[in-house]
Number of protein chains: 2
Amino acid sequence: MGKNRITIHDVAAKAGVAISSVSRVLSGHLDVSEKMRAKVEAAVAELGYEPDHLAQSLRKGATNTIGFMIRDITNPLFSIVAQSAEHELRKAGYSMILINSHGDLDAEKENFALFKRRRIDGVIASLVSEDSPYVRNTINELGAPVVLLDREVTGLNASAVICDHAQGVKQATADLIKNGNKKIAFVSGRKDVFISRNRIKGFEEAMSDAKIKVDENFMRLGKFGEEFAYEQTKDLFSGKNQPTALITGGIGASTGALRALKELKLKPGKDIAFVALDEWPMFDVLTADLSSVYRDPEEMGRQSARLILDLIADEAPSQAVVPTTYRPRSSSKAVVHA
Amino acid sequence: MGKNRITIHDVAAKAGVAISSVSRVLSGHLDVSEKMRAKVEAAVAELGYEPDHLAQSLRKGATNTIGFMIRDITNPLFSIVAQSAEHELRKAGYSMILINSHGDLDAEKENFALFKRRRIDGVIASLVSEDSPYVRNTINELGAPVVLLDREVTGLNASAVICDHAQGVKQATADLIKNGNKKIAFVSGRKDVFISRNRIKGFEEAMSDAKIKVDENFMRLGKFGEEFAYEQTKDLFSGKNQPTALITGGIGASTGALRALKELKLKPGKDIAFVALDEWPMFDVLTADLSSVYRDPEEMGRQSARLILDLIADEAPSQAVVPTTYRPRSSSKAVVHA
DNA sequence: TTAGACTTAGGAATCGTTTCCAGTAATTAC
DNA sequence: GTAATTACTGGAAACGATTCCTAAGTCTAA
C-alpha cells in the first residue's frame with residue numbers, strides 16, 4: 001500500500017531545488033534564504049514529508065537510541081525505572097530499546113552484541129554480573145557509553161546510579177532493635193553482589209552500634225528471588241533458635257518470605273517483626289501495614305537518563321546516589337516471642 | 001576509543017576479494033566457492049567483523065524492529081505482556097522499541113509518527129482510543145502491520161489479540177448470585193471501550209440469566225484508574241441503597257476500590273463480596289483471598305508476537321482470542337448484609 | 001579447437017540522508 | 001568599473017551494507 005515512501009528527492013523535485021538545500025532547510029542551517037525556506041517548507045507540507053530516521057542515523061553515525069537492559073521488566077520496581085527513563089529520554093529525542101536478560105549471563109552478552117550491531121548511542125543496564133574482566137571488556141568494546149544500575153564502577157568508562165541501601169537498612173534495623181528485637185534474620189541475595197553487600201553493611205552497622213552480635217545462622221544470603229526466600233524462611237522458623245524479626249532483601253525475597261509466613265501462620269507485626277526492602281505497587285493497600293525501606297524508582301530512571309545523556313554529550317563519567325528511606329509501619333513493632 | 005569501526009571494506013581488503021563477495025558469503029548465498037568462503041570467513045574471524053545493522057536495514061528496507069506502545073509499562077499486567085512479547089520476538093530476530101503513551105491521545109499520535117520515521121517493521125499497541133477515523137487513518141498510513149491489544153478491529157488491515165472478558169465475568173457474576181448476592185455493583189472504565197463493554201456484557205448476561213434487574217445506580221462506568229474507583233466505591237457505600245457485592249474492572253480500579261474499602265472498614269469476603277478483574281503480582285499472597293477473573297498475560301504477549309510476525313510474513317490479518325477464567329476464592333462468598 | 005552452458009567474482013548502482021567543496025550571484029569597498 | 005568579500009546554492013562524495021548485471025573462467029560436447 002503505502003509502498004512509495006516520500007523521500008527528500010521528491011521534496012527537492014517538487015520545490016525545484018537541490019537535495020542539499022532541502023536538507024539544509026530542514027536541519028535549520030543558517031545559510032539559507034527566506035525564499036528557499038518558503039519553497040521547501042511548502043513542498044514538505046504538501047507532500048507530508050518526514051525524514052527517514054534510518055538514513056539519518058547511518059549518515060550521522062548516531063541512532064538516537066538507548067538500549068535498556070534489565071533482568072526482568074516484570075519486576076515492578078524496574079518497570080517504573082524503565083518507564084521513567086523512557087519518558088526522560090523521549091524528551092531528549094531518544095528512543096529506548098528494551099531487552100530482558102532473564103538474569104542469564106549468556107543472554108546478557110548476546111544483548112550487548114546486539115546493542116553494538118544496532119549502533120546504539122548508549123546503554124542503561126542492570127547487570128547480572130558484578131564487576132569482572134568480562135564486564136570491563138564488553139563495556140570497553142561496546143564503543144558507546146554505559147550507565148549501570150546499582151553497581152560500583154571503578155576505573156571504568158561508565159557512570160552509575162547507585163542507591164544508598166545501607167542508610168535505609170541501618171535505620172530499619174535500628175528501629176527493630178529499639179522495639180526490642182535482638183534476633184533479627186536477614187534473607188537476601190548473594191553477598192558478593194553490590195546491593196546485598198551494601199544492605200548488609202547497614203544491617204551490621206546498626207547491630208554493631210547496639211552491641212548485638214550478628215548470629216550467622218540468621219544471615220541467609222544465597223539467591224535473589226522468591227523460592228530461596230521461601231525455603232529459608234520456612235527453615236528459620238522451624239528450628240529451636242528462631243528469630244523475632246525478619247528483613248527481606250528485594251521484592252522477590254519479600255514475596256517468598258510472606259508466602260512462607262502465611263503458611264506458617266505467622267502474622268507480620270503480630271507474631272513476628274518484619275521489614276521489606278523495596279516496595280511494590282499497592283504496597284500500602286495490600287500489605288498488612290508492612291514496614292519497608294523505600295527507594296524512588298522514578299528518580300532512578302530520571303537519573304539514569306540524565307547520566308547517559310551526559311556521557312553522550314562527552315562529559316566525564318559520574319555517579320548519582322539515590323537515597324533510601326525507612327518507612328516504619330506497624331509490622332516492625334515490638335514482638336514478644338520465645 | 002573504538003572509533004574505527006570494522007566494515008565490510010576491511011574484510012574485503014584483508015581477504016583480497018570484492019565487497020560483494022564478502023556479502024555473498026555472509027548471507028549464505030549459494031554461488032560461492034569453498035576457497036572464497038574460507039578466505040572470507042578467516043578474515044571475518046580475524047577482524048571480529050559484525051555487519052552494521054543500520055546499513056543492512058537501509059538497504060534491505062526492513063529494520064527487524066517492532067514498536068510496542070502501551071499506556072503504561074508500570075501496569076503489572078502489561079509489563080508481563082511486554083516481556084513475553086519481547087522474548088518471543090527476540091527469538092525471531094526482532095528487537096522491541098518500547099514507548100509509553102501515558103494514556104494520552106496526542107502522545108499516541110506522536111508515537112505512531114515516530115514508529116513510521118524509524119521504519120519499524122510492525123507495531124503492537126494497546127491504544128488509548130477506540131476504533132475511529134483517526135485510528136484507521138494512522139494505521140493505514142503507517143505502512144507497517146499492526147496488532148492491537150484488546151480491540152475489535154473491523155475492516156482494518158490489522159490483527160488483534162482480544163480477551164474473552166465476558167466469559168470470565170459471567171462466571172464470576174453467576175457465582176456471586178449463587179452465593180446470595182443480588183445487589184452487585186460494577187466499577188470500571190468508559191462503556192464505549194471494548195474491554196468495558198465486553199465485561200459488562202458478561203455481567204448483564206449472568207444477571208439476566210438469574211432474572212435480576214441491573215440497578216443502574218450500581219453501574220459506575222467512567223474512567224479507568226485508581227482515583228475514579230476510589231471515589232465511586234466511597235459513594236456506593238455511603239448512601240442508603242448499598243450493594244452487597246462489588247466487581248472492579250482492571251488493576252487500577254481494584255486498587256482504588258480496595259483502598260476505599262479499607263478506609264470504610266469493609267472487609268472483602270466478610271462485609272462485602274468482592275471480585276477483582278485481572279490479577280497482579282503476588283495476588284495470592286498479598287490479597288486476603290480475593291476472587292478474580294484471570295487472563296494470562298504471557299499468552300497475550302506470545303499471541304501478539306505471533307500475529308505481528310504473521311502479518312510481516314504477509315499473511316492475512318486475524319484474531320487471537322485469549323480466554324479468561326474465574327478464580328473463586330473466599331472473597332466472593334455469601335454475605336449477610338443490609 | 002571452438003561454441004555453448006554453467007560457475008563464480010567483481011563493479012557499480014542503490015537505500016535516503018548529511019556535509020564538504022566549488023562556484024555563482026550579490027554586495028560592498030576602493 | 002573592478003576587485004574582494006559575502007551569501008547562497010548545487011553537485012558529489014560519503015555512511016555501510018545488498019544485489020543486479022556483466023564478464024571472466026571452467027567445463028563439457030561436438
Side-chain angles (χ1 to χ4, degrees), chain A residues 2-41 43-44 47-65 93 116-121 143-144, chain B residues 2-41 43-44 47-65 93 116-121 143-144:
Chain A
K3 203 66 217 147
N4 25 16
R5 184 175 298 280
I6 296 156
T7 74
I8 198 169
H9 280 90
D10 305 323
V11 178
K14 176 132 227 151
V17 301
I19 291 178
S20 46
S21 298
V22 177
S23 176
R24 243 174 263 129
V25 169
L26 261 48
S27 64
H29 199 287
L30 344 82
D31 292 344
V32 64
S33 69
E34 263 321 305
K35 219 195 300 181
M36 171 69 82
R37 177 176 309 279
K39 271 198 290 187
V40 169
E41 279 174 354
V44 165
L47 295 172
Y49 166 72
E50 293 207 68
D52 185 324
H53 192 264
L54 221 51
Q56 288 182 316
S57 298
L58 180 60
R59 181 58 235 242
K60 296 211 239 179
T63 53
N64 277 52
T65 308
K116 190 174 178 184
R117 263 165 47 74
R118 283 197 173 248
R119 292 248 225 137
I120 237 100
D121 291 339
Chain B
K3 203 66 218 146
N4 24 17
R5 184 175 298 280
I6 295 155
T7 74
I8 198 169
H9 280 88
D10 305 324
V11 178
K14 174 132 229 152
V17 301
I19 291 178
S20 48
S21 299
V22 177
S23 176
R24 242 175 265 129
V25 169
L26 261 48
S27 64
H29 200 286
L30 341 83
D31 292 345
V32 64
S33 71
E34 262 322 304
K35 220 196 301 181
M36 172 68 83
R37 177 175 310 278
K39 271 198 288 187
V40 169
E41 280 175 353
V44 165
L47 295 173
Y49 167 72
E50 292 207 70
D52 185 324
H53 191 265
L54 221 51
Q56 288 182 318
S57 297
L58 180 60
R59 180 60 235 242
K60 296 211 233 176
T63 53
N64 277 51
T65 308
K116 190 173 177 186
R117 263 166 47 77
R118 285 198 172 246
R119 292 248 224 137
I120 238 100
D121 290 339

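So that the names make sense, note that chain A is the first sequence line, chain B the second, and so on, each numbered from 1.
- Between B:Ala18 and B:Ala12, the shortest heavy-atom contact is C-CB, 4.0 Å.
- Annotation: side chain of A:Asn64 is in contact with side chain of B:Arg118 (closest heavy-atom distance under 4.5 Å).
- Distances were taken from every side-chain heavy atom of B:Val32 (C-beta onward) to each of C:dG16, C:dA9, D:dA17; the shortest belongs to C:dA9.
- In the set C:dT17, D:dT9, C:dG10, the nucleotide with an atom closest to the side chain of B:Met36 is C:dG10.
- In this structure, B:Asp31 places its CG atom 18 Å from P of D:dA23, rounding to the nearest Å.
- When the P atom of C:dT17 is taken as reference, atom CG of A:Asn64 falls 15 Å away, rounded to whole Å.
- In this structure, CD1 of A:Ile19 is placed 9 Å from P of D:dG11, rounded to the nearest angstrom.
- For a distance-only test at 3.5 Å, the side chain of A:Arg119 fails to qualify as a donor-acceptor partner of the base of D:dG16.
- Listed nucleotides: D:dT9, C:dG10, C:dT17. Nearest to the side chain of A:Ser33: D:dT9.
- Residues B:Lys35 and B:Leu58 both approach DNA chain C. Their nearest nucleotides, taken by heavy-atom distance, put B:Lys35 toward the 5′ side.
- Using a 4.5 Å heavy-atom cutoff, the side chains of B:Val25 and B:Met36 are in contact.
- For B:Arg59 against D:dT18, a side-chain-to-base donor-acceptor contact under 3.5 Å is present.
- Scanning both residues, A:Ile120 and A:Thr65, for their nearest heavy atoms gives CG1-O, 3.5 Å.
- Looking at heavy-atom distances under 4.0 Å, B:His53 makes no contact with the nucleic acid at all.
- The two residues A:Val17 and A:Val40 come nearest to each other via the heavy atoms CG2-CG2, 4.1 Å.
- Residues B:Val44 and B:Leu26 come closest through the heavy atom pair CG2-CD1, 4.0 Å.
- The distance between atom CD of A:Glu34 and atom P of D:dT9, rounded to the nearest whole Å, is 10 Å.
- No hydrogens or angles were tested; on distance alone, a donor-acceptor pair under 3.5 Å links the side chain of B:Ser20 to the base of C:dG10.
- If you check every strand for non-hydrogen atoms under 4.0 Å, A:Ser23 touches a base.
- At the heavy-atom level, B:Asp52 lies under 4.0 Å from the strands shown only through sugar-phosphate atoms.
- The separation between A:Ile6 atom CD1 and C:dG16 atom C1' is 14 Å, rounded to whole Å.
- With rounding to whole Å, B:Arg24 atom CZ is found 10 Å from C:dG11 atom C1'.
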Listed pairs under 3.5 Å, donor-acceptor, residues 48-56 of chain B side chains, sequence neighbours left out:
residue : atom : partner  : partner atom : Å
B:Asp52 : OD1  : B:Leu54  : N            : 2.7
B:Asp52 : OD1  : B:Ala55  : N            : 3.4
B:Asp52 : OD2  : A:Arg119 : NE           : 2.5
B:Asp52 : OD2  : A:Arg119 : NH2          : 2.7

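- Atoms OG1 and CG, from A:Thr7 and A:Leu47 in turn, are 9.5 Å apart once rounded to the nearest 0.5 Å.
- To the nearest angstrom, P of C:dG11 lies 14 Å from CD1 of B:Ile8.
- Side-chain proximity of B:Lys60 to C:dG16, C:dT8, D:dT18: nearest is D:dT18.
- Using a 4.0 Å heavy-atom criterion, one finds that B:Leu54 contacts no nucleic acid atom at all.
- Across its full length, the helix from C:dT1-D:dA30 to C:dC30-D:dG1 shows an angle of 60° between the axes of its 5 terminal pairs at either end, rounded to 10 degrees.
- For B:Ser21, whose side chain is taken as the heavy atoms from C-beta onward, the closest listed nucleotide among D:dT9, C:dG10, C:dC15 is C:dG10.
- At D:dG16, none of the side-chain N or O atoms of B:Gln56 fall inside 4.0 Å of OP1 or OP2 (strictly under the cut-off).
- The nearest whole Å value for the distance from the NE2 atom in B:His9 to the C1' atom in C:dA12 is 12 Å.
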